[in-house]
Visitor: 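Dropping a structure here in structure tokens format, bear with me for questions.
Letters go in sequence order (proteins before strands), and every chain restarts at 1.
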There are 2 protein chains.
Amino acid sequence: MVNTVNLNQILEDLDATSALEELQGITEALRDAFSVDHIVYHWVDSAGDQYGCGTYSDEWRDRYLELNYHRIDPVIAGCFQRFHPVDWKRLDWSSKASRHFFGEALKYGVGNQGFSIPIRGPNGQFALFTVSHNCDDATWEAFTEEHSRDLILIAHYFNRKALEFEPNRQPEQSRALSPREVDAMTLLAMGYSRAQVAETLSISEHTLRVYIESARFKLGALNTTHAVARAMSRGLIVV
Amino acid sequence: MVNTVNLNQILEDLDATSALEELQGITEALRDAFSVDHIVYHWVDSAGDQYGCGTYSDEWRDRYLELNYHRIDPVIAGCFQRFHPVDWKRLDWSSKASRHFFGEALKYGVGNQGFSIPIRGPNGQFALFTVSHNCDDATWEAFTEEHSRDLILIAHYFNRKALEFEPNRQPEQSRALSPREVDAMTLLAMGYSRAQVAETLSISEHTLRVYIESARFKLGALNTTHAVARAMSRGLIVV
DNA sequence: TTTCAACTCCCCAGAAACAGCGAGGGCGGA
DNA sequence: TCCGCCCTCGCTGTTTCTGGGGAGTTGAAA
């Protein structure tokens, strides 16, 4: 793998991008620049609705989406719990589903090595930036070691553009919760019953209910559990 | 402001840091390297519990914490909604509380210029990395323009260390959920009622209940909402 | 000044969730 | 082979949550 990558040029190209299709082209240019098999940016969205760009084959991408592989993909699960970029080797491949998934991926041309960077944006947005290649462990470690910083920056810029191009996903910008509503949601997420929450906050249970309903309304949630889930995924509460 | 900053050296120093106190020292070194007034890393916990390190005066930090300024600080509010690093000038200072807050900050030696980078980690973790200085707009723009990429990387490395030093905030490991349990938790988090979930999964509501109870047990949760919250914060389900 | 959002309190009835009991078939690892 | 986990289904009763009303205060923004 050649290491004559001009980081500044890449980032400027990314900055200048004005359309979604161009991002696709940049993944290809990056793949060639880094001399790796694949570069993928993958926005992981709520209901399994997904979006991204990259150099994986169409067959693999379609299969991934169709079979809802994001649910068993250890890369997603692992990155979701981490802040660090992560080498695929360090993930948990112990379950049968994981190994089967990996086998499938190999068949469809994904490299045996991978390096994925989790990226998080406002409102619980979550995405991955992945580099994948076919080589031995030592080569791969040298590569990731050398380029991890550049890749973090590139991932960051990719996500900027993705957020820019997908304003539709932003209107989820629900109105912020009031302090009391945050309190209520937080305590509910901690497992308190309504009675306990009311007591903890020193208010009547009915008042509490008003907060919950208000929060539910602001979050567009169907019930309390949904409201708590949304509040969490949008980073409005931390448990 | 001098621009002889050795980014690699900084990042290596950060990587080698093994204790919280050293991070404080690094903010001071960075301040000198960049020749700015202040460098601050600020972990914002929505519960109001906060933590960070930086070169602000002790008086200002104490005042900030004591008066719960994080609730009215436009830097926090603004960064929380953005992915991009942001110049303080571009934030919303229209409210009375904001302007009062800014006046206070100036009195306590915070610069009139600022540049803050939002950083997000697992479980809704949120932090800011801020550079602040006293100068005119043009000078500041030139500075941020030149260093924004470096600052993004530095911010990233700071957050790595912060997460590393706060293991109690890391998700605890719990037994993995079975596929059916994941399905159940996911659909519940999407706002479905038990009846709807059962129908969606094509199982009886009683069976569904067994999954929910099982998941609740595995997660050590007190009720369904709690179980969903824990499953989400541990990255077992993605909603 | 007026308006608006936030915070507080109250009643009631129906829907939903919880808790505890039990049972049987299948599949994979020790 | 046996043990344990996963998946599936059933019953009964209690507790909790939800949704529909209405009403008063405060404080900050327009």
Visitor: Measure the distance from CG on B:L201 to C1' on D:dC6 and round it to the nearest whole Å.
Guide: 15 Å
Visitor: Check the side chains of B:D37 and B:Q113 for a donor-acceptor pair under 3.5 angstrom, ignoring hydrogens and angles.
Guide: no
Visitor: With nearest nucleotides of DNA chain D determined for B:E205 and B:K96 from heavy-atom distances, which residue corresponds to the more 5′ nucleotide?
Guide: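 Closest to the 5' end, via its nearest nucleotide, is B:E205.
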Visitor: Atom CD of B:Q196 and atom P of C:dA15: how far apart are they, to the nearest Å?
Guide: 15 Å
Visitor: Indicate, with yes or no, if the rings of B:H156 and A:F83 have centres closer together than 6.0 Å.
Guide: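 Between B:H156 and A:F83, the centre distance is under 6.0 Å.
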Visitor: Using heavy atoms to find the nearest nucleotide of DNA chain C for A:L177 and A:S202 separately, return the residue whose nucleotide is more 5′.
Guide: A:L177
Visitor: OP1 or OP2 of D:dC7 less than 4.0 angstrom from a side-chain nitrogen or oxygen of B:S178, does that happen here?
Guide: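 Yes, because at least one side-chain N or O of B:S178 sits under 4.0 Å from OP1 or OP2 of D:dC7.
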Visitor: So, is B:R180 near the phosphate of D:dT8, with a side-chain N or O under 4.0 Å from OP1 or OP2?
Guide: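 For D:dT8, OP1 or OP2 has a side-chain N or O of B:R180 closer than 4.0 Å.
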Visitor: Assuming nearest nucleotide by heavy-atom distance, tell me which of B:S214 and A:A195 is located more 5' along DNA chain D.
Guide: B:S214
Visitor: Counting distance alone, no hydrogens or angles: does the base of C:dC11 have a donor or acceptor under 3.5 Å from a partner atom on the side chain of A:H206?
Guide: yes
Visitor: For the pair made of CD in A:E213 and C1' in C:dC9, what is the distance, rounded to whole Å?
Guide: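 One finds 14 Å between C1' of C:dC9 and CD of A:E213, rounded.
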Visitor: Please determine whether a side-chain nitrogen or oxygen atom of A:K218 lies at a distance below 4.0 Å from atom OP1 or OP2 of C:dA6.
Guide: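 Yes, A:K218 has a side-chain N/O under 4.0 Å of OP1/OP2 on C:dA6.
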Visitor: I need the OH-C1' distance between B:Y211 and D:dC9, as an integer number of Å.
Guide: 10 Å
Visitor: When the ring centroid of A:W93 is compared with that of A:F102, is the distance short of 6.0 Å?
Guide: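 Between A:F102 and A:W93, which both carry aromatic rings, the centre distance is below 6.0 Å.
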Visitor: Within the 4.0 Å heavy-atom criterion, would you say B:T207 contacts the bases, only the backbone, or no part of the nucleic acid?
Guide: base
Visitor: Once you round it to whole Å, what is the distance between P of C:dC10 and CG of A:L208?
Guide: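 Nearest whole value for this atom pair: 13 Å.
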Visitor: Return the set of residues passing salt bridge (charged side-chain N to carboxylate O under 4.0 Å, His left out) with B:E213 (not counting sequence neighbours), or none when no residue passes.
Guide: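 Once residues adjacent in sequence are excluded, the partners of B:E213 under the salt bridge (charged side-chain N to carboxylate O under 4.0 Å, His left out) criterion are B:R209.
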Visitor: Would you kindly say whether A:Y41 and A:N159 are connected by a side-chain donor-acceptor distance under 3.5 Å?
Guide: yes
Visitor: Using the side-chain heavy atoms of A:S204, tell me which of these nucleotides is nearest: C:dC10, D:dT8, D:dC17.
Guide: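 Shortest atom-to-atom distance from the side chain points to C:dC10.
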Visitor: Find the distance A:N223:CG to C:dA16:P and express it as a whole number of Å.
Guide: 11 Å
Visitor: In this structure, how many angstroms lie between the C1' atom of D:dT15 and the CG atom of B:L222, rounded?
Guide: 15 Å
Visitor: Between A:M185 (CE) and D:dC17 (P), how many Å, whole number?
Guide: 12 Å
Visitor: So what does A:T224 touch, heavy atoms closer than 4.0 Å: a base, only the sugar-phosphate, or nothing?
Guide: sugar-phosphate
Visitor: Spell out yes or no: do the side chain of A:R209 and the base of D:dG21 have one donor N/O and one acceptor N/O closer than 3.5 Å?
Guide: no
